[in-house]
Amino acid sequence: ETIGVAMSLFDDNYLTVLRHNIERHAKDLGVEVQMEDAQGDIARQQSQIENFVAAGVDGIITMLVDADSGRAMSKIAENAGIPLVFVNMLPANMDTFPEKQAWVGSDEEQAGELQATEICKLAAGKGDAVILMGQLGTTGQRGRTAAVERVLKSDACKDIKVLDQQTANWMRTPALDLMTNWTTSGIKPTIVFANNDEMALGAIQSLKASGVAMDDVIIGGVDATQDALAALEAGDLDVTVYQSAKGQGEGSLDTVLKIARGEKSEQRVAIPFELVTPENVAKYKSSN
Amino acid sequence: MENVQAQPASPTRRKLPQELNILTVLIGVALVFELLGWFVQGQSFLGNPQRLTIMILQVSVVGIIAIGVTQVIITGGIDLSSGSVVAMTAMIAMSFAQTSDFARAIYPGLTDLPAIVPILIGVGLGLIAGIVNGALIALTGIPPFIATLGMMVTARGIAKWYTKGQPISFPSESFASIGSGAWPVAIFLLVAVIFHVALRYTRYGKFTYAIGANAQAARVSGINVQAHLVKVYAIAGMLAGLAGVVTAARAETAQAGMGMMYELDAIAAAVIGGTSLSGGRGRIFGTVIGTVILGLMMSGFTFLRVDAYYQEIVKGLIIVAAVVTDVYRQKARVKKG
Amino acid sequence: MENVQAQPASPTRRKLPQELNILTVLIGVALVFELLGWFVQGQSFLGNPQRLTIMILQVSVVGIIAIGVTQVIITGGIDLSSGSVVAMTAMIAMSFAQTSDFARAIYPGLTDLPAIVPILIGVGLGLIAGIVNGALIALTGIPPFIATLGMMVTARGIAKWYTKGQPISFPSESFASIGSGAWPVAIFLLVAVIFHVALRYTRYGKFTYAIGANAQAARVSGINVQAHLVKVYAIAGMLAGLAGVVTAARAETAQAGMGMMYELDAIAAAVIGGTSLSGGRGRIFGTVIGTVILGLMMSGFTFLRVDAYYQEIVKGLIIVAAVVTDVYRQKARVKKG
Amino acid sequence: MISTSTRQAIEDFKAKARPYLLEIEGIRKEFPGVVALDGVEFRLRPGTVHALMGENGAGKSTLMKIIAGVYAPDQGTIKLRGDEVRLKSPKDALEQGIAMIHQELALMAWMTVAENIWIRREPRNALGLIDHKRMMANTRELFDQLKIGIDPSAEVSTLTVAQKQMVEIAKAVSYESSVLIMDEPTSALTESEVSHLFEIIRDLRSRNIGIVYITHKMNELFEIADEFSVFRDGHYVGTHASTDVTRDDIIRMMVGREITNMFPKEEAPIGDVILEVKDLELNGVFSGITFDLRRGEILGVAGLVGSGRSNVAEAIFGVVPATQGTIRINGEETTISSPADAMRAGMALLTEDRKETGCFLPLTILENMQIAALQHGHSQMGYVDESGLRILCDEMKNAMRIKTPNLDERIENLSGGNQQKVLIARWLLTKPQILILDEPTRGIDVGAKAEIHRLISNLAKEGVAVIMISSELPEVLGMSDRILVMHEGHMTGILDRAEADQVKIMELAAR
Ligand SMILES: Nc1ncnc2c1ncn2[C@@H]1O[C@H](COP(=O)(O)OP(=O)(O)OP(=O)(O)O)[C@@H](O)[C@H]1O
Ligand SMILES: Nc1ncnc2c1ncn2[C@@H]1O[C@H](COP(=O)(O)OP(=O)(O)OP(=O)(O)O)[C@@H](O)[C@H]1O
Ligand SMILES: [Mg+2]
Ligand SMILES: [Mg+2]
């Protein structure tokens, strides 16, 4: 059996781990996978799925570039009668899935919510915050930022003031520069919400360089990458959110194979996010 | 002077020099894929009509852009803004193509509009972006690279700002239909034919080549160089707008990240097809072939299950190899006479 | 022949024409931010020495690239590969800079190496990429745009393939130190001074300008144009490699997505600084100013808390405005004589 | 024509110049579709000036480029001082002592005069850095020696064509090479400068340097050359001492037929005034230009290099519009702010700089020829009548004897003279009422020159009003009905054909 896997972006750390989990699992099962990189481009991803159809694969797994493009992808697979499983990103057309299609993943908003709730608790509901956003317009950036903002509106956390929010394009160096620009402009946050770990690490580097004690700021990321876990252990990072790449990777491959073989399967397989703190970090060090 | 005689060149050589060259490159690449197909996959690469359609379908948007970009390059300029203009026009056109079945991203009070309205809005916006590019270049004299780089950043910014990053989705059926089936291919080929004729047989075309060959001489020959440049950039912008509409219709969604790097693919298609970046030389037919070569690569890689990690490396090498081959074949042709 | 006389130019005009122009643009932009700073934030923008350092610090990587790119543009070429070369060299250099405190991404058996090893590997790899660019351009005669576009795609592919997309982190202290503090700024300025001298006071420089002004004339003057072009692209590649090392050291991690679009920022810095894309004109000092203008914008936007969604729009407009101003001031200067 | 001292010099050196400085045999060079040279031989003695003569496209420049290492020959040998050499690049040639002034100006526009001259040989200080001061001083010294008055620190782009030419000459001389090739060095110079150049050449000759001198100007041959070789259609015709032959002999060798009249000026009926120029002024460049022009009249414009003749022509044609003054066409005041305006008013301008403002090098001959005509008609709703134009252009090509296999050849591949003919054809296709020609026969061979003169004359007869700027006094005197003379941006007089002669013109031009 051959499964086509259309990933949104190869450069992303978390997605790399996810990809490797799919590959590993496929090897164990003796299934052949063909990976494609859409480089963040919806149209390219669409073409890749069409190319899979033309190449006659037995099933397709896709990590969407954007949730809203789900409908177009669903149509292509439906017309060709090929099973399609969306992994990680929740497609906008989840409720109207045709047959032979499913979603395996975790809800972006949950990540932001877990992060914000924990930070709010650590900060005792008050402080000056900044938000480091991912690349503007991406589903992760929107979902996670929206969840953080929602949590901060709640009564328990409404004393946390957001001083500014800017994008650092998911990357470490831009986050480093952004944070430095903030501190020199008189924005001295005690709380940093970062849409992912890389940006959190950039912020940490900047704050350390300007002599801020890491105990004085609370910093949260998402993804639980190896770098982030190390930072968490060192006490620099305060919280991150684990998204089970293993669960999603294996789940998506299992689901698509089930559909392809005509076995029964769920259309919605939710794999929850998990909060990672210094207390439980050891458990995750070997997970991703 | 009676004995003034140059050896007459073979007459065939005159008609399609660059295009024939690049056509053989195209055939060469296709044959390599075909051969590998039989060896590696045990099936024909070209023998699958569905694949052939998809091959062109997936590059038709880049192709539409490339036709405009080719004209800009012939004038000796460059257009880096096309990819961003695709995003901007896709977003804005889509906001007028949504139906009331879903919540509208912008203009909640809007009634459902016929598809032609968002299409014209998209194409019109592209036209305006192109006019701004052209006017900047022609009137202020700044290099096209910078003017269109500015537009690239600005248009992308507008695309993001328009809905604060939110994508806009679920257009009306009629709007989506121009992106479905073989429509994008048809639009691409129609545009190609129109501008092939325009460049070869009209004054517009002759002036375009003249400006690229020697702008000063063009002015002295009575051409209004500034006005003409505005026209050429306007057309390139308009085609980018059209490409934006087609992409949005095809994906049934518009988002700010769309069309990223398309400008480079479009320029690559034009140059692979024999358009000279120093201006004055190039043909639409060549650009179409260049575009198809890009499509061929994308399909071929998936077909041959080339590891995605290698795809980019191989793609880079093929682009360079195609142009090198072309350059050498032209040199060889010149040698042979 | 006694009456053959060029109007002697006023002697001051010769010395720093473009740079002075662009310096005033820089001062203009800075003053606007300063003014807005007082009005909007109630504090001085320039009065903060830390900000001034950071302003340059965050663009020093782009600046290092821009110095190489400037030289390429002076020859009439272009280098689109720098951003990708940054990623490739960052990845590979970093894999030799890791310590045994953490698991190594590649080469698990390696002992800890002194920082100079990964630095030389990074710079050397950049050099090789540059030589390949230069050799392709000089020997096959394909346009620089295409050769370096090929390298752009290929080098990015290599960066991704190297660890199958995995980032590489935790370098040795000594390696990280060249990216910390004011080191990147020092490296940037040192490189700038070296190539300022090289361009102005060595034959290398004269040949570079000569080739850009008139390659044919350079050839008949006895310059080995091909060999020289290889040199210039090699230097640009080497500087991109150096930039890759500095970025990796600064971020203490290397990732395949690094350096994205840096080539455009570098080209913009060069052109804002007065380097002509048609070749033959440009100076390192101008490029340094152009780089600082980019840094000023980044800092300024954050300082003024410009909404993230507007920033790109404003950035695009400023780039265009800077170059337009420059063009007009130059025209005015020419008018005055 | 030949002074006794020159004759003496020839005898002297014939005796001692046994081993040739340069010997060339059996050279063949082919370009796509054209055999530029075939079985060519050529020998140069030290201490002589050896002129190369031949029609446009005969292969003179190509042969010289082979000697200067620019092209590699397909066949044949080059011997330098008796030893066979292979010149792989201009660098090789320069290092072997062969320098060349190229027909197409080869300077780096954005560099200074000094940088252009010393490129690759810049003086360096103890640190190995370039010593700009010394470079300037060296340039000044060179210029003083050659009596050239150009600022060494000026950017080449600000120089006039003539000044650029002088810089090229100085640069070539500065190599102190033993073989110096000059490919039409005087095409952009006026008489006084030419005689100055000849002084330089004589000085070089006395230092035993071998000079190859290409020219289309017959009188220069007699004045400066010791011997000359003739080429025709890429073949070697023969070598003679310049004392042995007459002008007509040479022309016969070059063209293979007689040319009886160089200036076939025919009386044309002079009609009404068509163009009136009054007090035309361009700030700081020229002022007070007033004249009128009648149908059928040829108005010659003479003056020294840099006197502003080209600027006036460009102002009238709207390339750089005048800042003051009026232009009337057929009695009506007309504002001309761009060449398009001028063309609408029935004007045409053949510009002086073929490469910069004339040719579209990457385009074909056909495309080059038809471009101006496209402004008026030849198209319907933008759709160009290509076949109709092709017939017209083909006629032009035949009428003007443009040497090319066909119209789809790139103009780039034509010889300079043939390019010039294509440009003239371009403007004739617009059927102008007023034709302004700026150095129309620059770089054109005698045969073609006579043809162009006949053409101009015929046009005048058909009622076209012609303004002809020329630095060749015989041409101005031979062709014009009246002659306008300029000096440093001012008109210094208008002479009638009857009263004009060389002396009067020079008086007005140089005062
Ligand atoms: N680079 C080239 N490519 C193709 N054909 C060429 C090239 N250079 C010269 N030719 C052709 O070779 C022939 C000889 O040209 P060449 O320039 O040597 O003539 P010439 O004797 O110098 O003429 P002129 O007096 O006009 O300068 C011409 O027919 C010309 O068209
Ligand atoms: N591009 C330029 N920049 C500055 N000065 C110029 C430029 N072109 C011409 N000039 C000046 O204008 C004056 C007239 O030049 P023009 O070329 O009209 O003279 P000309 O009589 O036609 O000489 P030529 O024989 O060289 O054609 C000269 O003094 C020259 O220095
Ligand atoms: Mg010649
Ligand atoms: Mg003139």
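Computed from a prediction, not measured in an experiment: that's the story for all the values here. What's counted below: heavy atoms across the whole structure, side chains too, no hydrogens, waters or symmetry copies.
Chain B forms the most heavy-atom pairs under 4.5 Å with one residue out of D:Leu363, D:Thr364, D:Asn368, and that residue is D:Leu363. Note: D:Gln370 leads D:Glu367, D:Arg344, D:Gln370 in heavy-atom pairs under 4.5 Å with chain B.
Residue D:Arg410 comes nearest to B:Arg281 through the heavy atom pair NH1-NH1, 3.1 Å, listed as atom of the first residue, atom of the second, then distance. The heavy-atom pair separating B:Val197 from D:Tyr383 by the smallest distance is CG1-CE1, 4.1 Å. Scanning all heavy atoms of the two residues, the minimum distance from D:Pro362 to B:Gly279 falls at CG-O, 4.3 Å. Across D:Phe360 and B:Ser221, no two heavy atoms sit closer than the pair CZ-OG, 4.0 Å. Contact detail for B:Lys206 and D:Glu386: the closest heavy-atom pair is NZ-OE1, 2.9 Å. Minimum heavy-atom separation, D:Gly358 to B:Ala217: O-CB, 3.4 Å.
Neither the backbone nor the side chain of B:Ala215 comes within contact range of chain D, judged by heavy atoms closer than 4.5 Å.
Judged by distance alone, with hydrogens and angles left aside, the side-chain atoms of B:Arg219 form no donor-acceptor pair with the main-chain N or O of D:Pro339 at under 3.5 Å.
Using a 4.5 Å heavy-atom cutoff, the side chains of B:Ile223 and D:Gln375 are in contact. Between B:Phe207 and D:Leu374, some side-chain heavy-atom pair lies under the 4.5 Å cut-off.
From D:Ile371, atom CD1 reaches atom CG of B:Asn214 across 11.0 Å, with rounding to the nearest 0.5 Å.
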